[in-house]
Protein chains: 2
Amino acid sequence: MMFSKACEYGIRAAVYVALQSLDGRRVSVNEIAEEIDSPIAFTAKILQQLSRSKVIHSVKGPTGGFELDRTEMDTVKLSMIVHAIDGDDIYVGCGLGLKECNANQPCPLHDKFVDIRTDLKNMLENTSLYELATGLEVGLTYLKR
Amino acid sequence: MMFSKACEYGIRAAVYVALQSLDGRRVSVNEIAEEIDSPIAFTAKILQQLSRSKVIHSVKGPTGGFELDRTEMDTVKLSMIVHAIDGDDIYVGCGLGLKECNANQPCPLHDKFVDIRTDLKNMLENTSLYELATGLEVGLTYLKR
DNA sequence: CCAATAAAGGACATTTTTGTCCTATTTATT
DNA sequence: AATAAATAGGACAAAAATGTCCTTTATTGG
Ligand code: FES
Ligand code: FES
């Protein structure tokens, strides 16, 4: 509703990869799609994007799969995933669909919209995969239901 | 980026109707589409929806068009437009795409997401068409660019 | 080297959203 | 009553997002 389906799957997938990487487990597309309840082939495409944009790391061949090392879990923020998949609409777009958001010729909703967008942006930039994975680890949160 | 295109057009259209109604002018689909820079026929559909959901009032026949009386400009909030066009995803949907947002089995982003969604919801529920139209009236804001 | 395994990627299919066109209905004016 | 102007609405078209299938490439282990 705020992110595309692709982006939702991307975040869920990345969090799952982070979670399993905490245990040193490398995971396959099939396992990921199963665990986050997403369409396999579509999820594979998204994982490719995340891999290309260095959000997660991929390894080909037997024993291959997706992983993320511990330090990256702290540096990879949600904003990177959203940016990799949905682009920068969330950062530069006008809430009412004008060509671009421009404070000098604002749309009627600009001021109110920018406040919310700034909060969202800050949230995305300050939330790491590690933070999200730890909630899952202790069983407080869920990636499917 | 947060609302559908239909919803963006809907809000812009409704604000324009409100603005013109302040001068007692009833406006046609063609004028609206011209002034908010939107596709005519598509805008007509959206105006139908808004009319059906009582956000604006429509009058058929010669001298007909869309209008909104002064008291309605205060009571009609953005939330009504968004609800009429995009439904209640914004209210009940999970940010990571789980079936529904459920605080008892939250997704990893739930707490952070709910904060932002609540702000957005409040903003939509507290912003009237009158408020948006007045900014336009004095030339501070724009509906196209 | 060979076979098996897993991601990468291209081509295609389906669904949803966005957008167009044409006809029907309502109503003001003459 | 006839005409014309306007919205209502149905049917269709195009584009974008979502989703599938199959082939290629890299890598491991025997
Ligand atoms: S101009 Fe519309 S949100 Fe800034
Ligand atoms: S459960 Fe995901 S936002 Fe509430």
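Every heavy atom of this structure was used, including side-chain atoms; hydrogens, water molecules and symmetry mates were not. What you are looking at is a predicted structure, and each value in this text was computed from that prediction instead of being measured. Below, chains carry the letters A, B, ... as their sequence lines are ordered, and counting in each starts from 1.
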Problem set entry | Presence of R52(A) side-chain N/O under 4.0 Å of dG9(C) phosphate oxygens OP1/OP2 | yes
Exercise. Do any N or O atoms from the side chain of S4(B) and from the backbone of C7(B) form a donor-acceptor pair under 3.5 angstrom?
Worked result: yes
Exercise. Can you tell me how far the CD1 atom of I85(B) sits from the NZ atom of K45(B), to the nearest 0.5 Å?
Worked result: 14.0 Å
For this session: Send over the distance from E34(B) CD to dA6(D) C1', rounded to a whole Å.
Result: 18 Å
Problem set entry | Parallel, tilted or perpendicular: ring planes of F3(B) versus F113(A), cut at 30 and 60 degrees | tilted
For this session: Quickly work out the D86(A) CG to dT18(D) C1' distance and round it to whole Å.
Result: 13 Å
Exercise. So which nucleotide from dT18(C), dT5(C), dA6(D) ends up closest to the side chain of S28(B)?
Worked result: dA6(D)
Problem set entry | Nearest-angstrom distance from the residue atom CZ of F3(B) to C1' of dT18(C) | 18 Å
Exercise. Does the side chain of K112(A) pick up a donor-acceptor pair with the side chain of T127(B) at under 3.5 Å?
Worked result: yes
For this session: For the residue pair D69(B) and T71(B), confirm or rule out a side-chain donor-acceptor distance under 3.5 Å.
Result: yes
For this session: Run the salt-bridge test on E31(A) and R25(A) with the 4.0 Å N-O cut-off and return the result as yes or no.
Result: yes
For this session: Decide whether K121(B) and S79(B) meet the rule of one side-chain donor and one side-chain acceptor closer than 3.5 Å.
Result: no
Exercise. Is there a side-chain polar atom (N or O) of S58(A) under 4.0 Å from OP1 or OP2 of dA8(C)?
Worked result: yes
Exercise. So, is T63(A) close to the dG29(D) phosphate, meaning a side-chain N or O under 4.0 Å from OP1 or OP2?
Worked result: no
Seminar exercise, completed: Here the distance between atom C1' of dA8(D) and atom NZ of K54(B), to the nearest Å, is 14 Å
Exercise. Which ones in residues 36-46 of chain B lie close to DNA chain C, meaning a heavy atom under 4.0 Å from one of its atoms?
Worked result: P39(B), A41(B), F42(B), K45(B)
Exercise. Between atom CG in N30(B) and atom C1' in dA6(D), what is the gap in whole Å?
Worked result: 9 Å
For this session: Taking only the side-chain heavy atoms of K60(A) (C-beta and beyond), determine which of dG19(C), dA6(D), dA8(C) contains the nearest atom.
Result: dA8(C)
For this session: Calculate the interatomic distance between R26(A) atom CZ and dA26(D) atom C1'; express it in whole Å.
Result: 13 Å
Exercise. Do the side-chain N or O atoms of Y9(B) get closer than 4.0 angstrom to the phosphate oxygens (OP1, OP2) of dG19(C)?
Worked result: yes
Exercise. For dA7(C), does OP1 or OP2 lie under 4.0 Å from any side-chain N or O of Q48(A)?
Worked result: no
Problem set entry | Rounded distance in Å - CD (E67(A)) to P (dT27(D)) | 13 Å
Exercise. For M2(B) and dT17(C), what is the distance between atoms CE and P respectively, to the nearest whole Å?
Worked result: 18 Å
For this session: Report the nucleotide, chosen from dT27(D), dT7(D), dG19(C), that has the shortest atom-to-atom distance to any side-chain atom of F66(B).
Result: dT7(D)
Seminar exercise, completed: Heavy-atom nearest nucleotide on DNA chain D taken for V59(B) and for A6(A); more 5' hit belongs to V59(B)
